[in-house]
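Written below as structure tokens is the structure these notes are about.
Predicted model, so just to flag it, every value in this text is computed and none were measured. Reminder, nothing fancy here: chain letters follow the sequence lines and each chain counts from 1.
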Amino acid sequence: MHRMSNLFLRTLRDDPSDAEVPSHRLLVRAGYIRRSAPGGFSWLPLGYEVFRNVERIVREEMNAAGFQEVHFPALLPIEPYQATNRYEEYGPNLFRLQDRHGADFLLAPTHEEMFALTVKDLFSSYRDLPLVIYQIQTKFRDEVRPRAGLLRTREFSMKDSYSFDLNEAGLQASYDAHRAAYIKLFERLELPCVIVSALSGAMGGSESEEFLAPLPVGEDTFIRCTSCDFAANVEAVHTPVPEAQAFTGLPVAAVHDTPKTPTISTLVDYVNADSALRHPDRDWTAADTLKNVVVNIKHPDGTVEPLAVGIEGHREVDMKRLGAQVEPAQVEPFSEDDFKKYPSLKKGYIGPGVLGTTNESGIRYLLDPRIVDGTQWITGADNYNQHVLHLTAGRDFVGDGTIEAAEVLDGDNCPSCGSEVEIARGIEIAHIFQLGTKYAAALDLTLRDENDQPVTPTMGSYGVGVSRCLAAIAEATLDDSGLCWPREVAPADIHVIIAGKDGSPQVSAAEDLATSLEVAGLRVLLDDRSKASLGVKFKDAELIGVPTIVVVGRGIADEENPTIEVKDRRSGERQDIPHDSIVEHLVALCS
RNA sequence: CGGGGUGUAGCGCAGCUUGGUUAGCGCGCCUGCUUUGGGAGCAGGAGGCCGGGAGUUCGAAUCUCCCCACCCCGACCA
């Protein structure tokens, strides 16, 4: 039993000034966590109760799925990560350090290498597979910008599992088992989630899906179809490719003077205002223009290569999408100095005429998939103050390939069914990957197959952000008064408030009740503070967010029909329950 | 790393523009009395390197420069 009179807790009346997102504000205000380091939080007693509850539920669901728990160090030598090339690919996000002898270590961001090596250590036969092992462990990532309290920290708790199978079918089965286990897990945590297809990024591998809790504070942007069940992270959206058009009858491309039109909007205004250039039937729009954006691609080895991207003029380049396409290279802006190195690039008037590896600039030129043969564009003529109209893809220009780098807009066509998609934000609470043989091969993990031949197992990896889930649950359930936990993760089942002064019958009745509830197996938080006013106790109870609040007050003094008030935190409904049936009433509530 | 913002008591803030008493308010904290169904009242009290450093000045929380930290927005990820 936690007693408020001596609990290591301080609730705050005001929002902390350094907290912006609601879960962060309330977790600090209600005394669950404190910031103790840049991107690092300490758990206070109530917070640690909730954390352990979430962790326990994750563990129970993993065990129920037949996965086995292990535990690895976070402090690891770098060699296994060098073998898979992740030491380099992970880049500055990896915490690197040295021991007293100068040997290099890292703080693990995930553990694929170590799990593969341990399987190599223990297993030799195909008959040992399939295998799924997992751990719940502290991970370290040197995030550029920790933010939003527990949602993005540099040290965080993650459940990571790894599957080992002999073939694709086995991997698919392990993947599906995790997918199903996660769906159950998040139902139990009362955490709404959307499963979206995703890119595997630095992890490598093929198939990958994210579980997003659809909440506005989420950092991930995803799209979902308004009519079918398609959903995808914007990074993973494949643009539906329109049909190519025949060239016959299409107007000839022609260069026109378009003075002072370095931006799409000035260009559109100009061509609509010029009687010779106007569209015969309608106004030109930004979607009629072809925008060519040049960026630098910085490869992990330090080399920098320019890249031109051609997209519809009404869209921006989505840096997340572009970055995901060039992973592990990084996207950097194309500077004024860079423009000087390529005099053929006329800023504001860049067109396909100079772009592409075989044209004057020699810059690789990748097109949005919508720019198919036969589409006609208004685009830069590679001279200042000139644009070209009716420039036709496939006839007048070609790219070096296509790229998914244009921003996705509300109302774009669904890649699956063609109707409209909508854009939403979500918190990434889990991510599942089919890795294939990348790790096993790099680390020489082989088993003997039924013909005594070496076989490289295929792996999957599956992560759940445990501490992040806690924040997401808080975010999904909180209200204007405070936190509002689902019972299973709440720091207690019952929050008992004593509404009476020292020595009053309320005190002894509440003490007896708390003890009886504990004996009955319920977890109790007892507000036995004598100096706190009742108003403070009510406010604190709502802030702390235990699902059931019990007030032992004036009702107990009714000699004929003594009652105790039971209040549901979420609905606010109150009920007076007869004193002699209160324990069984509450036990029933909590089961 | 770029852009924006904020650093004053445990927490939330004012003061800074226009330099000048002993740096102020609310909450919290300590002592005493009263109070107890929605953040109590009265009385008394403690608590500050005004983020750090350098400068300007007779004098700096206030003006100048440099640094640091934190928050928000952009490029990473559970």
Notebook entry, point to check: Taking any strand in view, what nucleotide pairs with B:rC25 in a Watson-Crick or G-U wobble way, both distances under 3.5 Å?
Noted result: B:rG12

Notebook entry, point to check: Do A:E312 and A:R315 meet the salt-bridge criterion of a basic N to acidic O distance under 4.0 Å?
Noted result: yes

Item checked: Sugar-phosphate, base or nothing in reach of A:P109, heavy atoms under 4.0 Å -> nothing

Notebook entry, point to check: A:T138 near the nucleic acid: base, sugar-phosphate alone, or nothing, with a heavy-atom cut-off under 4.0 Å?
Noted result: nothing

Item checked: Watson-Crick or G-U wobble mate for B:rA43, both contacts under 3.5 Å -> B:rU31

Next item on the list: Look at the rings of A:F95 and A:F140 and say which category their plane angle falls in: under 30° parallel, 30 to 60° tilted, over 60° perpendicular.
Entry: perpendicular

Checklist line | Pairing of A:E407 and A:R321 as salt bridge, 4.0 angstrom limit | finding: no

Item checked: Sugar-phosphate, base or nothing in reach of A:R147, heavy atoms under 4.0 Å -> sugar-phosphate

Item checked: Ion pair A:K291/A:D368, N-O distance below 4.0 Å -> no

Margin query: With a 3.5 Å limit on both atom pairs, tell me what B:rU17 is paired to, counting Watson-Crick and G-U wobble, or say none.
Written below: none

Check: If pairing requires Watson-Crick or G-U wobble contacts with both distances under 3.5 Å, which nucleotide is the partner of B:rA69?
Finding: B:rU6

Check: Does B:rU57 pair with anything, Watson-Crick or G-U wobble, both distances under 3.5 Å, and if so, with which nucleotide?
Finding: none

Next item on the list: Measure from the side-chain heavy atoms of A:R145 and tell me the nearest of B:rC77, B:rC73, B:rC13.
Entry: B:rC73

Notebook entry, point to check: Contact class for A:A472 vs. all strands (heavy atom < 4.0 Å): base, sugar-phosphate, or nothing?
Noted result: nothing

Checklist line | Pair A:R141 + A:E155: basic N to acidic O under 4.0 Å | finding: no

Item checked: Summary of protein contacts for nucleotides 26-44 of chain B, nucleotide by nucleotide, where a base hit scores B, a sugar-phosphate-only hit scores S (4.0 Å, heavy atoms) -> BSS-------SBBBS----

Margin query: Quick test of your reading of the model: are A:D568 and A:R570 salt-bridged, counting only N-O distances below 4.0 Å?
Written below: no

Note to self: Tell me whether the NZ or CZ atom of A:R96 lies within the 45° cone about the ring axis of A:Y87 and under 6.0 Å from its centre.
What the structure shows: yes

Notebook entry, point to check: So does A:N93 reach the base of B:rC77 with its side chain, donor to acceptor, closer than 3.5 Å?
Noted result: no

Checklist line | Whole-Å distance separating the CG atom of A:L9 from the P atom of B:rG10 | finding: 19 Å

Check: Just how far, in rounded Å, is P of B:rG10 from CZ of A:F8?
Finding: 15 Å

Next item on the list: Rounded off to whole Å, could you give me the CG-to-P distance for the A:D318 and B:rA75 pair?
Entry: 7 Å

Notebook entry, point to check: Across all strands shown, which nucleotide pairs with B:rU62 by Watson-Crick or G-U wobble geometry, both distances under 3.5 Å?
Noted result: none

Notebook entry, point to check: Between A:E112 and A:R86, is there a side-chain N and carboxylate O pair less than 4.0 Å apart?
Noted result: yes

Next item on the list: Both distances under 3.5 Å, Watson-Crick or G-U wobble: report the partner of B:rC1, or none.
Entry: B:rG74

Next item on the list: Look at all strands and tell whether A:E210 reaches a base, only sugar-phosphate, or nothing, counting heavy atoms closer than 4.0 Å.
Entry: nothing

Next item on the list: For A:E20, report the nucleic acid contact type (base, sugar-phosphate, nothing); a contact means any heavy atom under 4.0 Å.
Entry: sugar-phosphate

Note to self: Counting only side-chain nitrogens and oxygens, does A:S17 get under 4.0 Å of the OP1 or OP2 atom of B:rC13?
What the structure shows: yes

